[in-house]
Structure formats: structure tokens, C-alpha cells
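Numbered from 1 within each chain, the chains take letters A, B, ... in sequence-line order.
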Number of protein chains: 2
Amino acid sequence: MELPPIAQSFVLHFGEMGSRWGINRTVGQIYALLYVSPEPLCADHIVEALGISRSNVSMSLRELQGWNLVVLKHLPDDRRDFFTTPDDVWQILRTLAEERKKREIDPTMTVLREILMQHPASDAERYAQSRMGDMYGLIEQLTNWYDDVKQLDTDRLATLLALGAKVTRLLETKDRIVSFGRGRQPRKKDGDDE
Amino acid sequence: MELPPIAQSFVLHFGEMGSRWGINRTVGQIYALLYVSPEPLCADHIVEALGISRSNVSMSLRELQGWNLVVLKHLPDDRRDFFTTPDDVWQILRTLAEERKKREIDPTMTVLREILMQHPASDAERYAQSRMGDMYGLIEQLTNWYDDVKQLDTDRLATLLALGAKVTRLLETKDRIVSFGRGRQPRKKDGDDE
DNA sequence: TTGAATTTTCAGAAATTACTGAAACTTCGG
DNA sequence: CCGAAGTTTCAGTAATTTCTGAAAATTCAA
């Protein structure tokens, strides 16, 4: 692997992390390499930079394309395919979230829905169903939030993040304002958080 | 595998999903089984239910304990270890988030910090560093939000989720209220979201 | 149409990861 | 201290995943 040392440590780290969740080492390395490269790279360039076979690069790029994590570019008078990642890290985050939801959440929700439709044949099954119902409800709340928030433009999303938990304080303020004139609500004591 | 059909499909699904992110099939299955079981189970019970070897169960339970996803119980006059999952799905979510952050985010941030301290020796390195800086900044914003929000009790967290994107509308309302008397801010037109 | 440049496919080899059975270890009552 | 009940470890094997080289397919200029 012939790479500037700074890029190299990044690429190697991403290879390792890659294998810590679903994606394999090579895919992680290629993604990292594209991410830190100022120009789009062609497959042979990746082969040289990472010291892996041409066919492996081809398959890994195809996988990255399947995740929409990589952009295909063409240069004039050059038949080769060149690849980059999007410039905007927020856009990358959105893609990642969307694809992971599609692969990891949606299928689970489908399975849970199917099971929850069935008639339990015993107490054990009734209990199992109620547990699955809990899980279903939780994931539903999370994905509803996600579906709502993902539509925000980046500035507003950043604002929302910056606000964090303060939102609830804001909410409680609003409650006080709204309830003004209807009698004061008992104010919760501090320290009743978990 | 001798299991009520409802539990069985759940367990098998979790096995498959498990291998879609880092954790292996057996670990996923054991977790799912514990999750839907009304009572704590001992290792031999798991062996029978899933048809896997005793040693595999032992290693997989150890892995789940490493993730804090499983609770060890003891019954009076019984030397065996019994295992369950916590009852509260929100608690499970918190644990999962915490552990994944520890394993997937923190090490990456450490690597990024180290690389960003170095002096770039070329334009390519300068560019690579700026990209890593972008990534660092993004993850920092996300984890700051997470650190803030994870301290909320479950009710408030649920409220915050339910509110979703409406938070920003609330914020803009607050801006108008706060700026009252300081001259009206130009109101953004609808449809300027991405 | 040919053939050079490039990409893709795929069967098998290599590497990694998961699983097992047997043995070692731990704990505890008698 | 012994032995019964239970758990963990680990070396070897099985299963799975990843990677490769060779061949096939595609694309395009001449």
C-alpha cells in the first residue's frame, strides 16, 4: 500500500471498523480512500493504492454503489470509470441513515408486524407477542422521529442538534405560557430525572 | 429447535439480522430468545431450545454480558446461572446506544484526533486532513446531541421524539417572541427546505 | 467488424470466523 | 478434602466469507 501516512492510517482504521459492523475490510478501505482523495479515482488507482486485486476492487465498488455511498464520474476522452464520495458530510450521513434503515430496521418491522397478526396459542406466546409489541412500539417512535427530522434542511437539523435536551425545557416554558391564566401547573421538582 | 412458532420466527430473524451487523447468528438468537421468554433461562435450557452446543452458549452469553445486554439472576437453592434481558425497552435502547458508541464511534474519534494533530506534508495530506476535520465536526455534533439527550428521563425523551421536526417551528416562534419589540425579522418563505 | 481498453463474473483458493467436544476449572454441600 | 453440579477454556474442525486470476462481457474507436 503506497499512500501518504496520514491517509494510510485513516484507511486502515476504516478497514478495521468496517469489519466491526456489516461491511468488509476492503469495502471500508476503499470508501475511506475515496473520501480523503481530492480527485475521483479509477479502479486501477485503487488497486495500486491498496494492493488488492482488480476484481476485488470491482466487486467492492459495486457494493458501495449499492449503498449509494459513492459517485461515478467520467472524464472527457477517458473511458475509465472514476469514483468519489459526495462532498457534503451531512449528505453522506443522510444516505447512510437511509440505507441502514432500509437494511436493518424495515425488515425487522415487517417480521414483527407479521408475528403480531398471529393468534397466540399459549400464555408463552401471548407473552412473547407483548414483548414484540413493545419493541415494535419503540422502533415506531424512533422511525417516526427520523422520518420527520430527515426532511429538515441541514441548517435546521444542526440547530435542532445544538438544542438537544434544551428542547424539553423550551417545551415546559411553552406549557407555562400556554397555561397562563388557566391556573398554574404544579412545577416538577428538580432531580426527578432518572 | 423446539420453540413455539411465534418465538421461533422471531429468534430466527434475529439470528439473520445479527449477522448483518457485527454480532454473530448464535448471539442474536440467544438474545432474542431471552427477550421473549417470560422467565430467566439457564444455559441448558438455551442449548435445548436452539440446538447448539453448551460451550457455544457459554461463549455467546459471555459476549452478551460484555454488551450489558443481559442480566444474570440466581434462584434460591439453585446453583445455575439464569439470564434475562431488562424489561424496559427504553433501557435496552440506551444500553445499545452506549455500547455501540463505545465500540464504533469513540475509537474513530481517537484516530481522527491523532491524525488531525499531525503536520501535513503535502497538498494531498492537507486535503485529507480537511476531510477528516469535516467528519470529526459532524460526529462531534451528533455525539454532543446524544450526550445531552441521553440524560433525559424516558417520558421527556418520548416527548422530544414525538415533537420531532416541530421543534424548529417552535424555535422560530420563540425567535419571534424574543425579538418582539426589536423589529420584526424577515420571515423565511415556505419551501426553502432542501 | 475488429481489436484494444476496460469492467464484470465466477469457480476455486485463502483467510477468517464460528462451533464443538473434551478437559480444566470453580463452587459448594457434606 | 471429596465429589457432584455447574461453567469456562481451548485446540481442532466446520462453515462462512473474502479474495483472486482467468475468462467472458462490454464499449467504443477506427
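Every pair passing ring pair (Phe, Tyr, Trp, His ring centres under 6.0 Å) that includes a residue from residues 123-156 of chain B is listed here, sequence neighbours excluded: A:W145-B:W145. A salt bridge (Lys or Arg N to Asp or Glu O under 4.0 Å) check over residues 62-79 of chain A, counting only residues at least two apart or in different chains, returns the pairs A:D78-A:R80. Among residue pairs with one or both ends in residues 126-147 of chain A, those qualifying as salt bridge (Lys or Arg N to Asp or Glu O under 4.0 Å) are A:D123-A:R126, A:D147-A:K150; sequence neighbours excluded.
Electrostatic pairing of B:R94 and B:E98 does not count as a salt bridge here, judged by no charged N lying under 4.0 Å from a carboxylate O.
Partners of B:H45 by side chain to side chain donor-acceptor pair (under 3.5 Å), not counting sequence neighbours: none found. Listed by chain and residue number, B:K101 satisfy the side chain to side chain donor-acceptor pair (under 3.5 Å) test with B:D106 (two or more places apart in sequence, or in another chain). B:V70 is linked by a side chain to side chain contact (heavy atoms under 4.5 Å, CB included) to B:L34, B:L64, B:Q65, B:F83, counting only residues two or more places apart in sequence or in another chain. The side chain to side chain contact (heavy atoms under 4.5 Å, CB included) test applied to B:L163 returns A:V167, A:L171, B:K166, B:V167, B:L170, not counting sequence neighbours. Contacts of A:S55 classified as side chain to side chain donor-acceptor pair (under 3.5 Å), with partners at least two apart in sequence or in another chain: A:S53. Remark: A:F10 engages A:F14 in a ring pair (Phe, Tyr, Trp, His ring centres under 6.0 Å) (not counting sequence neighbours).
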Exercise for the section: Going 5' to 3' through nucleotides 19-24 of chain C, assign each nucleotide B (protein heavy atom under 4.0 Å from a base atom), S (under 4.0 Å only from sugar-phosphate atoms) or - (no protein heavy atom that close). Expected result: SBB---
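Contact check of residues 62-81 of chain A against DNA chain C (heavy atom, cut-off under 4.0 Å) returns A:R62, A:R79, A:R80, A:D81.
Counting 5' to 3', DNA chain D first comes under 4.0 angstrom of a heavy atom of chain A and last does so at the ends given by D:dT18 to D:dC28.
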